[in-house]
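Here is the naming used below: chain letters follow the sequence lines, and residue numbers restart at 1 for every chain.
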Amino acid sequence: MAIGTWLTTERGRAATLVVPPFVYALLLLAIPVGAVILFSFWTQDFMTVDRTFTLDNYREIATTPVYGLLLRRSLFVSGTVTIVTVLLAYPIAYFVSFHVPAHRKSLWLFLITIPFWTSYLIRVFLWKVILGYNGVINSGLQGLGIIDEPLTFILYNVNAVIITLAHAFAPFAILPIFVALEKIDRSLLEASQDLGETRLTTFLRVTLPLSMPGLVAAVLIVFIPTIGDYVTPELMGGAGGKLIANMIQTQFLQLNNAPLGAALALVAMVSVTAISLVFILLNRRWLRGR
Amino acid sequence: MLRGYAVLYLIFLYAPIALLPIFAFNDGSIIAFPLQGFTTRWFSELWTNSALHNAVQNSLFIAVMTAVFATLLGICAARAGAMASFPGKQGILGFVMLPLVLPEIIVAVSLLIVLRQVLGLQLSNWSVIAAHVLICTPFSIAILNGAFQNLDPAMEEAAMDLGESRWSAFRLITLPLVMPGIVSSLLISFTISLDEFIIAFFLTGTNPTMPVYIWGLLRFPGQLPVVMALGTILVALSIILLTIAEYYRRRGLARAGVADTGGFL
């Protein structure tokens, strides 16, 4: 088709408009990820990269206990953060959708999203100030005479990482659930109660199933990115709270072993994707027709 | 009860930020209670720190470039999204939105490999810009989708029936109507880029961006009060920018004549 007639149809113009963002994502996302896959099958030979195809990196990951340990810990932390964040977020999304008057809803959402847009590094660091040995919680509790010794289970370990990440990803969980709740036809709830359901059973049998797409989206949007965070474990995790992302970062920026780092990044990525797919499959009956 | 929980939750969300100004004005070099007294010297130290000024300049340049390019790509995708469908359109638009759910370290690592190992380029501000445009474009599209999808296509058609060309109909009719969305997208992309650390740490050249510089400071206990002062300014700045963005987003919705139903995403 000649370019002249191509641009006279709306389809043709839409297809032309989509080219720049598509090509950009292709060049800066698809091709680089392809390069990562390729690199993971090569090896670092001191300063140069040896380009013979090999599974050595994957063999090393499978046989060195520390990589398995870090990966399992990362998946545990991401999973726990996801559960905590989504459970804490659901009532908020429910409150804003069902109990806040329509004209105040965007104000509430605005208040919820603001902390998320403020300097991430400094926010993580401030959790250290809150949870630390002479931090807000410990000096507060000691001042009140509730504890004699500072609490140590909330700093420089996995718990601290979980608390900080649950805080950082809160808006990510609230917004998709809120959007799903907003779409629910309110007359269905009335109908349910007219037919004799209590408020609780109405929630369990009508509201909750209808909000499942939002819940699933919230789970994925928290679970997948948390695997890639190395800031929080570095600042909050101490020696026992390091995660797979810290190892990836170390391989790339300190040990100069890009191929092994690439293989680790892929293993982490494939693990979260596989778990996410299983999760979607388990929930597919709630997602049908959407 | 639900309301009480919501208030507690907001306190949890705001607790870390609320501490920032407290320690920024605290006259003690250790970030801990009890407080020592009032001072503004941490702020005056900011003015004399030339390494910080360079980092801020880098970050501002990166954030402005990112905002412009991400919004341009966002306009293309959002406008195409509101137009007639063609085979594969949903797949393509979904692919462009992918960086929204991708772990940032994957973006960082893959671009590092391509730039350094495959192309053999030196890292610079532009490598950070390239990555930031990639992660900001989905946010821009999400914001602009709201603006474009609420437009009535009849208005542009009417302008063309009255003799305007396709481009001038877009410029004179559509552009003013989506302008609030564009401003909102620029501000959000700017804010994301200014604050982004995970990718910038991998891709920054010899001149660090502001978050990379802050990361360096966090290792020196003596520098922490200065970080608090800087953080206070940044938080104030983000809140101002976001309030303006929210104002424009709402104005855009009002112009398109639709009810306001949600936030940025």
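You'll find the side chain of A/Val124 stays beyond 4.5 Å of the side chain of B/Phe197, heavy atoms only. Side-chain contact check for A/Ser119 versus B/Met210: every heavy-atom pair is 4.5 Å or farther apart. Between A/Asp229 and B/Glu104 there is no side-chain heavy-atom pair separated by less than 4.5 Å. Residues A/Ile224 and B/Pro103 have side chains in contact (heavy-atom distance under 4.5 Å, counting atoms from C-beta outward).
In terms of non-hydrogen atom pairs under 4.5 Å with chain A, the most contact-rich of B/Leu218, B/Thr137, B/Leu230 is B/Leu218. Contacts with chain A were tallied for B/Ala131, B/Gly231, B/Gly81, B/Ala130; B/Ala130 has the most, counting heavy-atom pairs under 4.5 Å. Each of B/Arg219, B/Glu196, B/Met228, B/Gln117 has some count of heavy-atom pairs under 4.5 Å with chain A, and the biggest count is that of B/Gln117. When the candidates A/Ala268, A/Pro225, A/Gly261 are compared by the number of heavy-atom contacts under 4.5 Å with chain B, A/Pro225 comes out ahead. For the options A/Arg123, A/His103, A/Gln249, heavy-atom pairs under 4.5 Å to chain B are most numerous at A/Gln249. Chosen from A/Pro20, A/Ala35, A/Pro91, the residue pairing most often with chain B at heavy-atom distances under 4.5 Å is A/Pro91. Of the residues considered (B/Ile198, B/Leu93, B/Leu10), B/Ile198 shows the highest number of contacts with chain A, using heavy-atom pairs under 4.5 Å. Of all the listed residues (A/Thr273, A/Ile112, A/Ile221), the one sharing the greatest number of non-hydrogen pairs under 4.5 Å with chain B is A/Ile112. Heavy-atom pairs under 4.5 Å with chain B were tallied for A/Pro176, A/Gly228, A/Gly34; the largest tally goes to A/Gly228. Ranked by non-hydrogen atom pairs under 4.5 Å with chain B, the options A/Val272, A/Ile31, A/Val33, A/Ile227 are led by A/Val33.
A/Leu126 approaches B/Pro16 most closely through the heavy-atom pair CD1-O, 3.0 Å. Minimum interatomic distance between A/Ala170 and B/Tyr9 (heavy atoms only, all atoms of both residues): CB-OH, 3.2 Å. Closest of all the heavy-atom pairs between A/Leu29 and B/Leu134 is CD1-CD2, 4.0 Å. Contact between A/Arg13 and B/Met83 at its shortest, heavy atoms only, is CB-CE, 3.7 Å. The minimum heavy-atom distance linking A/Ala262 with B/Ile113 is given by the pair CB-CD1, 4.0 Å. Smallest separation of non-hydrogen atoms from B/Phe86 and A/Arg11: CD2-O, 3.9 Å.
In this structure, B/Tyr247 places its OH atom where only 12 or fewer heavy-atom neighbours from other residues, nucleotides or ligands lie under 6.0 Å away.
Ring geometry for A/Tyr230 versus B/Phe201: interplanar angle of 30 to 60°, hence tilted. Note on ring orientation: taking the six-membered ring where Trp is involved, the planes of A/Trp127 and B/Phe12 are tilted (angle from 30° to 60°).
Residue A/Asn138: no heavy atom, backbone or side chain, is found under 4.5 Å from chain B. For A/Leu131, no part lies under 4.5 angstrom from a heavy atom of chain B. Proximity to chain A (any heavy atom under 4.5 Å) is restricted, for B/Leu98, to the side chain, taken from C-beta onward. Heavy-atom distances place no part of B/Leu115 under 4.5 Å from chain A, backbone and side chain included. Heavy atoms of A/Leu88 lying under 4.5 Å from chain B belong to its backbone as well as its side chain. Heavy atoms closer than 4.5 Å to chain B are found in both the backbone and the side chain of A/Leu26. With a 4.5 angstrom heavy-atom cutoff, B/Ser238 touches chain A only via side-chain atoms. Proximity to chain B is limited to the side chain of A/Glu234, based on heavy atoms less than 4.5 angstrom apart. Residue contact with chain A, scored on non-hydrogen atoms closer than 4.5 Å, involves the backbone and the side chain of B/Arg3 alike. For A/Tyr120, the parts lying under 4.5 angstrom from a heavy atom of chain B are both the backbone and the side chain. For A/His167, the parts lying under 4.5 angstrom from a heavy atom of chain B are both the backbone and the side chain.
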Stepwise side chain to side chain contact (heavy atoms under 4.5 Å, CB included) test for B/Val101 and A/Leu220
CA-CA 8 Å; B/Val101 287; A/Leu220 296 181; 5.9 Å; no

Please lay out, stage by stage, how B/Leu2 and A/Ile92 fare under the test side chain to side chain contact (heavy atoms under 4.5 Å, CB included).
CA-CA 8 Å; B/Leu2 211 48; A/Ile92 294 299; over 6 Å; no

Please lay out, stage by stage, how A/Val36 and B/Val114 fare under the test side chain to side chain contact (heavy atoms under 4.5 Å, CB included).
CA-CA 8 Å; A/Val36 171; B/Val114 166; over 6 Å; no

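Paired with A/Phe125 under the rule side chain to side chain contact (heavy atoms under 4.5 Å, CB included), one option of B/Leu224, B/Val227, B/Ile214 passes, and it is B/Leu224.
A distance of 14.5 Å separates CZ in A/Phe22 from NZ in B/Lys89, rounded to the nearest 0.5 Å. One finds the OG1 atom of B/Thr243 at 5.0 Å from the CD1 atom of A/Ile114 (value rounded to the nearest 0.5 Å). Interatomic distance, CH2 of B/Trp215 versus CG of A/Leu121, reported as 6.5 Å (0.5 Å rounding). Here A/Leu28 contributes atom CG and B/Leu111 contributes atom CG; the two are 5.5 Å apart, rounded to the nearest 0.5 Å. Atom CG of residue A/Leu111 and atom CG of residue B/Leu13 lie 9.5 Å apart, to the nearest 0.5 angstrom. In this structure, B/Leu72 CG and A/Tyr24 OH are separated by 11.5 Å, a value rounded to the nearest 0.5 Å.
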